[in-house]
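Bear in mind the structure is a predicted one, so any value in this text is a computation, not a measurement.
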Amino acid sequence: MHVLMVGCGNMGASLLARWVDVPGMTYSVADPVATFPDSRVKSFKSAEDVEGGPFDLLVIAVKPQLIADVIPDYLDHLKADAPALSIAAGVSCERLESIVGARPVIRVMPNLPASIGKGVSGLYFTDKTPDGAKETAQQMMRAAGTIVEVEEEFDLDKVTAIAGSGPGYVFEIARAYMEAAKELGFEEEQARKLVLDTIAGTIEMAVGSTDDLADMRNAVTSKAGTTEAGLNALNGTGDLSRLLIGATQAAYKRAVELR
């Protein structure tokens with residue numbers, strides 16, 4: 001299968017770094033500025049430069065506000081029934097169909113850890129998407145991590161609020177945790193190692209277990225011990241829970257506004 005990716009920013013390049021190892025796929029990228037540093041990928045600057053078509057799949061990886069102006073120039077390089085897979089946040093299938101014409105449209109909401117094969121991506125297929133195109137999209141996104149398929153398109157906004165924006169929340173929590181370690185007297189390097197390795201090990205335990213997270217928390221919390229004291233200060237009145245609910249609701253609201 002020959003794939004044409006239009007746009008190759010941070011997220012597009014992160015996904016492509018995983019996709020190039022998917023068997024049976026070849027890739028060409030069109031971007032006026034960015035180039036992809038892999039000899040297996042052909043790079044072009046514009047639609048006029050593109051060679052090697054007709055392509056079997058279009059990946060839309062330009063900024064959402066540029067799609068209507070940029071994508072039509074590339075449609076002649078595609079097979080008539082080539083699906084369009086969009087990683088652009090907030091651009092609906094209806095809007096995409098008005099731009100790419102009568103071809104299947106697939107929407108994907110990836111997140112940043114896709115760059116190391118640890119991403120979580122939401123997928124939505126329209127009723128027009130054939131099984132073969134679904135399987136291709138699933139194979140590509142599994143190469144970048146795990147996938148969550150949603151039945152309704154608006155649920156992608158919820159995926160955006162939880163997984164798409166999620167790395168930002170985690171980085172901020174880790175940053176604040178490091179600052180707390182430094183307040184206790186640790187130097188930057190020690191604080192970073194203590195905090196990040198603690199988080200990494202704990203998450204690996206959770207991912208590898210089917211136990212309820214509350215039970216796992218309780219298993220390391222002795223009555224009247226240090227962990228209980230820390231947890232009471234952290235979320236004893238539910239402040240942390242309310243903050244995280246507020247954060248995800250705010251992100252979801254913004255995702256809806258950007259449709």
Side-chain angles (χ1 to χ4, degrees), residues 1-13 15-16 19 27-34 44-50 52-111 114 121-141 147-161 163-165 251-259:
M1 174 170 284
H2 302 294
V3 180
L4 174 62
M5 172 184 275
V6 180
C8 194
N10 290 336
M11 185 54 70
L15 290 170
L16 189 54
W19 291 346
Y27 297 89
S28 294
V29 169
D31 192 295
V33 179
F44 304 99
K45 294 297 184 185
S46 68
E48 290 75 19
D49 299 330
V50 172
F55 293 90
D56 303 296
L57 175 67
L58 170 68
V59 175
I60 300 174
V62 298
K63 294 183 184 300
Q65 64 269 25
L66 298 178
I67 291 177
D69 292 330
V70 172
I71 295 303
D73 292 340
Y74 291 89
L75 299 181
D76 287 343
H77 294 290
L78 308 175
K79 291 182 179 178
D81 60 348
L85 185 155
S86 172
I87 67 169
V91 182
S92 69
C93 288
E94 182 179 8
R95 176 64 174 147
L96 291 167
E97 288 170 348
S98 73
I99 295 168
V100 303
R103 63 180 71 248
V105 169
I106 301 165
R107 284 191 61 197
V108 175
M109 183 62 241
N111 69 1
S121 300
L123 273 75
Y124 173 73
F125 304 111
T126 67
D127 294 338
K128 301 176 185 176
T129 309
D131 289 342
K134 290 180 181 179
E135 291 169 4
T136 296
Q138 291 163 345
Q139 184 183 26
M140 291 169 68
M141 298 316 301
I147 60 175
V148 175
E149 293 184 34
V150 297
E151 295 295 327
E152 302 292 340
E153 186 177 5
F154 64 78
D155 283 336
L156 282 179
D157 293 328
K158 300 175 184 178
V159 174
T160 299
S165 299
Y252 174 62
K253 180 181 177 181
R254 185 57 178 155
V256 172
E257 291 171 351
L258 292 173
R259 284 178 187 168

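- No hydrogens or angles considered: a donor-acceptor pair under 3.5 Å links the side chains of E48 and S46.
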Report the C-alpha distance between T160 and D157 in whole Å, list the side-chain angles of each, state the deciding distance to 0.1 Å, and finish with yes or no for side chain to side chain donor-acceptor pair (under 3.5 Å).
CA-CA 5 Å; T160 299; D157 293 328; 4.9 Å; no
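- For the atom pair SG (C93) and CG (L156), the distance works out to 7.5 Å, reported to the nearest 0.5 Å.
- Within the 4.5 Å cutoff, no side-chain heavy atoms of R103 are placed close to those of K128.
- Within the model, atoms OG of S121 and CE of M140 stand 11.0 Å from one another, a figure rounded to the nearest 0.5 Å.
- Counting only distance, with no hydrogens or angles, the side chain of N111 and the backbone of A163 share a donor-acceptor pair below 3.5 Å.
- Atom CD of E151 is separated from atom CZ of F125 by 10.5 Å, given to the nearest 0.5 angstrom.
- Summarising the geometry of P64 relative to A89, their closest heavy-atom pair is CG-O, 3.5 Å, with the distance given to 0.1 Å.
- Heavy-atom contacts from other residues, nucleotides or ligands closer than 6.0 Å to NZ of K45 number more than 12.
- Closest approach of D31 and V33 over heavy atoms only: OD1-N, 2.8 Å.
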Using distance only, find each side-chain donor-acceptor pair of residues 72-88 under 3.5 Å and give its atom names and separation, not counting sequence neighbours.
{"residue": "Y74", "atom": "OH", "partner": "A47", "partner atom": "N", "Å": "3.2"}
{"residue": "H77", "atom": "NE2", "partner": "A47", "partner atom": "O", "Å": "2.9"}
{"residue": "K79", "atom": "NZ", "partner": "D56", "partner atom": "OD1", "Å": "2.6"}
{"residue": "S86", "atom": "OG", "partner": "A88", "partner atom": "N", "Å": "3.1"}

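- Between V91 and E153, the closest heavy-atom pair is O-OE2, 4.5 Å.
- Here the side chain of T136 pairs a donor or acceptor atom with the backbone of G132 at under 3.5 angstrom.
- Under a cut-off of 6.0 angstrom, the local environment of CD in Q65 is crowded, with over 12 non-hydrogen atoms contributed by other residues, nucleotides or ligands.
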Under the side chain to side chain contact (heavy atoms under 4.5 Å, CB included) criterion, do I71 and L58 qualify, and how do the steps go?
CA-CA 10 Å; I71 295 303; L58 170 68; 4.0 Å; yes
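- The minimum heavy-atom distance linking A133 with I106 is given by the pair O-CD1, 3.9 Å.
- The distance from atom CZ of R107 to atom OH of Y124, rounded to the nearest 0.5 Å, is 9.5 Å.
- Here CD1 of I67 is found 5.5 Å from CD1 of I60. Values are rounded to the nearest 0.5 Å.
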When you look at L57 and L4, which way does the side chain to side chain contact (heavy atoms under 4.5 Å, CB included) test go after all the steps?
CA-CA 6 Å; L57 175 67; L4 174 62; over 6 Å; no
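- For CD of E257, the number of neighbouring non-hydrogen atoms (other residues, nucleotides, ligands) closer than 6.0 Å is greater than 12.
- Atoms CE and CH2, from M5 and W19 in turn, are 4.5 Å apart once rounded to the nearest 0.5 Å.
- The two residues G164 and M109 have their closest heavy-atom pair at CA-CE, 4.1 Å.
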Verdict with reasoning, V148 to L123, per side chain to side chain contact (heavy atoms under 4.5 Å, CB included):
CA-CA 6 Å; V148 175; L123 273 75; over 6 Å; no
Kindly indicate, with the supporting measurements, whether the criterion side chain to side chain contact (heavy atoms under 4.5 Å, CB included) is fulfilled by Y27 and L16.
CA-CA 9 Å; Y27 297 89; L16 189 54; 3.7 Å; yes
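- A donor-acceptor pair under 3.5 Å is absent between the side-chain atoms of E97 and the main chain of V105, judged by distance alone.
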